[in-house]
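Note on naming: letters A, B, ... go to the chains in the order of the sequence lines (proteins, then strands), and numbering restarts at 1 for each one. No experiment lies behind these values; they were computed from the predicted model shown.
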2 protein chains.
Amino acid sequence: MAEKVTIATVARHAQVSRQTVSNVINAPQLVRPETRQRVQDAIVALGYRANQAARQMRTGRSRLIAVRIEPTRDGINGTVLDRFLHGLTETAEASGYRVMLYTAPDVDREIAAYGDLLSAYELDGFVITGTDHGDPRTAWLAEREIPFVTFGRPWDHPHAHSWVDVDGAAGTAEATAHLVTAGHHRTGFIGWPAGSGVGDDRRAGWRRALLDAGMDPDGLDVQTEDGIAEGARAARELLGRPVPPSALVCASDSLALGALQTLRSAGTAVPVIGFDDTPVAAAVGLSSVSQPLGDAAARCVDLLTDLLDGPHRDPRQVLLRPALVLRHPA
Amino acid sequence: MAEKVTIATVARHAQVSRQTVSNVINAPQLVRPETRQRVQDAIVALGYRANQAARQMRTGRSRLIAVRIEPTRDGINGTVLDRFLHGLTETAEASGYRVMLYTAPDVDREIAAYGDLLSAYELDGFVITGTDHGDPRTAWLAEREIPFVTFGRPWDHPHAHSWVDVDGAAGTAEATAHLVTAGHHRTGFIGWPAGSGVGDDRRAGWRRALLDAGMDPDGLDVQTEDGIAEGARAARELLGRPVPPSALVCASDSLALGALQTLRSAGTAVPVIGFDDTPVAAAVGLSSVSQPLGDAAARCVDLLTDLLDGPHRDPRQVLLRPALVLRHPA
DNA sequence: TTGTATGCGTTATCAG
DNA sequence: CTGATAACGCATACAA
């Protein structure tokens with residue numbers, strides 16, 4: 001174990017008082033350049049790093065951000081979190097923060113965990129993923145004035161707090177427009193049941209794109225739960241209609257993959273575009289709408305540190321544009 | 001923000017000294033049951049949680065474990081880390097530890113990060129993933145007597161330190177045996193170039209299973225880098241041989257997926273079994289060898305806390321058996 | 001069994 | 001601009 005080098009070691013080495021060292025670190029403008037340089041040299045020479053625990057005791061701030069790692073849902077969409085987490089960690093490091101993980105089986109237990117996290121580690125803030133309509137977690141945090149940013153919009157109150165999100169409607173609209181441009185006059189949509197903010201948003205994009213192109217979306221979409229089997233079933237239903245669609249946009253890669261299976265076994269050449277650009281999509285050559293997860297994570301950290309630096313800043317919102325990734329099925 | 005409740009608050013509430021409260025928490029046997037109960041009631045009533053920063057200053061231990069989150073490699077195999085991380089967080093929580101994330105673009109920078117992490121946060125230990133032959137990271141940590149556990153064997157020195165790993169050879173052997181039992185007399189293998197511990201191990205399992213069944217593995221395998229395109233090419237090569245294999249075991253799902261593409265377009269009914277049981281495998285109905293990642297993570301935490309509780313315990317090793325997941329391709 | 005005193009490394013306050 | 005001193009919350013010797 002390396003020798004412990006504290007602020008006192010540095011002070012001795014640089015022939016100044018402990019306080020001067022602290023000033024060099026936290027308020028450099030108070031120290032004469034000459035002295036400052038001597039201290040900084042000593043810091044480098046000794047490899048000094050401020051002890052966070054001691055600093056935290058004094059300042060009450062831990063430079064720690066908490067993120068929940070979810071219990072890997074269906075696996076195929078679950079990989080989104082992975083990339084997001086990496087981006088988060090990377091950006092946080094650059095801003096002098098660290099990411100701490102926690103888990104919770106449900107929302108109630110997650111809120112209980114906040115208490116633990118907050119009183120034991122004095123976390124500076126939270127990044128909350130996967131928010132839903134009237135999310136009790138954000139309410140709990142807001143009530144206690146604990147800084148947080150969500151990845152995902154609060155659909156009911158768009159300006160309630162800081163958030164970062166990806167413009168799903170823009171994504172499906174672009175996918176739809178691409179198919180329209182390619183000459184498809186009947187582009188269908190397989191999406192989730194109405195009521196989920198994310199799902200409604202993605203459907204709205206498809207609808208808007210068709211209307212913009214002067215086409216009628218009616219009778220071209222179907223609502224189903226997420227899943228490969230569900231996607232396959234939905235595609236069968238659409239194909240069985242009197243005037244079937246000639247192309248498909250789906251609300252998720254799972255649905256798209258299922259649709260692809262149906263189409264393949266039916267021998268129909270109907271192009272499909274999925275959503276999320278999961279590894280599965282890349283593997284089977286499925287075109288998909290890709291979320292800029294690295295950017296999203298970076299902006300989450302930006303917004304959160306912004307809140308942390310000035311406690312009473314107004315919340316800010318960031319909406320990112322996804323990208324359409326075109327592939328050729330094998 | 002909730003009122004700060006310290007050990008003093010509890011002491012006042014329970015009509016005892018601060019010291020008694022500390023004893024109830026850290027050495028309950030020293031306190032009379034009656035008093036102990038009163039203090040514990042006060043703790044619950046006030047929702048007291050020990051402040052980790054203060055505790056750490058005193059004890060030098062942070063109850064923090066560091067794990068690197070990797071920059072999502074090829075996406076298809078990268079999802080392994082995700083599940084592992086979740087298991088790690090969950091088990092660590094149960095043992096009173098928290099997981100802190102860090103990233104590093106390469107090994108040198110990772111080692112540099114250790115210094116930061118250690119001196120700033122006084123981390124208790126590390127979980128290192130993806131070790132390689134003669135890994136400099138483990139050497140660095142061992143030299144400084146910093147507790148760590150690796151997920152992955154140190155192939156050159158099997159007992160150098162504590163580790164958890166999955167028995168890859170057992171996995172490919174089981175897959176091979178399954179195919180042999182199903183009546184296949186020529187089961188081929190697509191694996192990585194010799195030299196990587198993991199790859200050699202998986203190949204060895206296939207080889208052993210064939211020999212055990214009295215079959216000759218010679219001329220039935222091919223070595224290639226990992227990847228879907230590489231798997232497809234390798235499968236083409238195998239099928240072009242004078243006496244082609246009638247079934248295939250692969251060192252990864254990526255390779256297996258590629259092989260599957262080749263076989264499908266060739267119209268050949270050759271079963272393929274992959275490795276890692278990634279979401280992609282599940283999606284396309286590919287049989288695969290599944291690593292017990294949750295267990296592995298749990299054992300990592302066990303081994304690490306073991307090291308932490310008794311600093312000079314002997315290192316321990318855990319080898320877990322993977323499971324063969326059989327599926328029917330769509 | 002309980003209370004008292006001390007220090008962990010840092011930063012904030014205030015006097016020089 | 002610099003230096004002394006107190007305090008953050010906890011745990012540990014030691015005394016009572």
Discussion item. I need the residues from residues 7-22 of chain B with at least one non-hydrogen atom less than 4.0 Å from DNA chain D; give them sorted by number, or say none.
Written reply: B:I7, B:Q19, B:S22
Worksheet item: How close or far is atom P of D:dT12 from atom CD1 of B:I25, stated in whole angstroms?
Response: 11 Å
Discussion item. Between B:S162 and B:R316 (side chain of the first, backbone of the second, donor and acceptor by atom type, cut-off under 3.5 Å), is there such a pair?
Written reply: yes
Discussion item. Just verifying a value: how many Å separate A:R68 CZ and A:L85 CG, rounded to the nearest 0.5 Å?
Written reply: 12.0 Å
Item to complete: Using a 4.5 Å cut-off on heavy atoms from C-beta on, say whether the side chain of B:R299 contacts that of B:D302.
Response: yes
Worksheet item: B:A53 near the nucleic acid: base, sugar-phosphate alone, or nothing, with a heavy-atom cut-off under 4.0 Å?
Response: nothing
Discussion item. Can you tell whether the side chains of A:D167 and A:R321 come within less than 4.0 Å, N to carboxylate O?
Written reply: no
Worksheet item: Expressed in angstrom and rounded to an integer, what is the separation of A:R58 atom CZ from D:dC8 atom P?
Response: 8 Å
Fill in: Rounded distance in Å - CD (A:Q29) to P (D:dT2)
12 Å
Worksheet item: Are A:Y102 and A:E110 close enough that a side-chain donor and a side-chain acceptor fall under 3.5 Å?
Response: yes
Worksheet item: When you check the phosphate oxygens OP1 and OP2 of D:dA11, does a side-chain N or O of B:N26 lie under 4.0 Å from one of them?
Response: yes
Worksheet item: So which of A:F151, A:Y114, A:F148 actually passes ring pair (Phe, Tyr, Trp, His ring centres under 6.0 Å) with A:F126?
Response: A:Y114
Worksheet item: What are the 5'-most and 3'-most nucleotides of DNA chain C lying under 4.0 Å from any heavy atom of chain B?
Response: C:dT1 to C:dG9
Worksheet item: Can any side-chain N or O of A:T59 pair as donor or acceptor with the backbone N or O of A:R55 at less than 3.5 Å?
Response: yes
Worksheet item: Rounded to the Å, how far apart are A:Y121 OH and D:dG9 P?
Response: 18 Å
Practice prompt. Could you tell me the separation between the CE atom of B:M57 and the P atom of D:dT12, rounded to a whole number of Å?
Written response: 14 Å
Fill in: Interatomic distance, B:R63 CZ vs D:dC10 P [rounded to whole Å]
15 Å
Worksheet item: Do the side chain of A:S22 and the main chain of A:R18 share a donor and acceptor less than 3.5 angstrom apart?
Response: no
Fill in: Gap between atoms CG and P, on A:N23 and D:dA4 respectively (whole Å)
13 Å
Worksheet item: B:E122 or B:R36: which one's nearest nucleotide on DNA chain C is closer to the 5' end?
Response: B:R36
Fill in: B:S62 side chain to B:Q52 side chain, donor-acceptor N/O pair below 3.5 angstrom
no
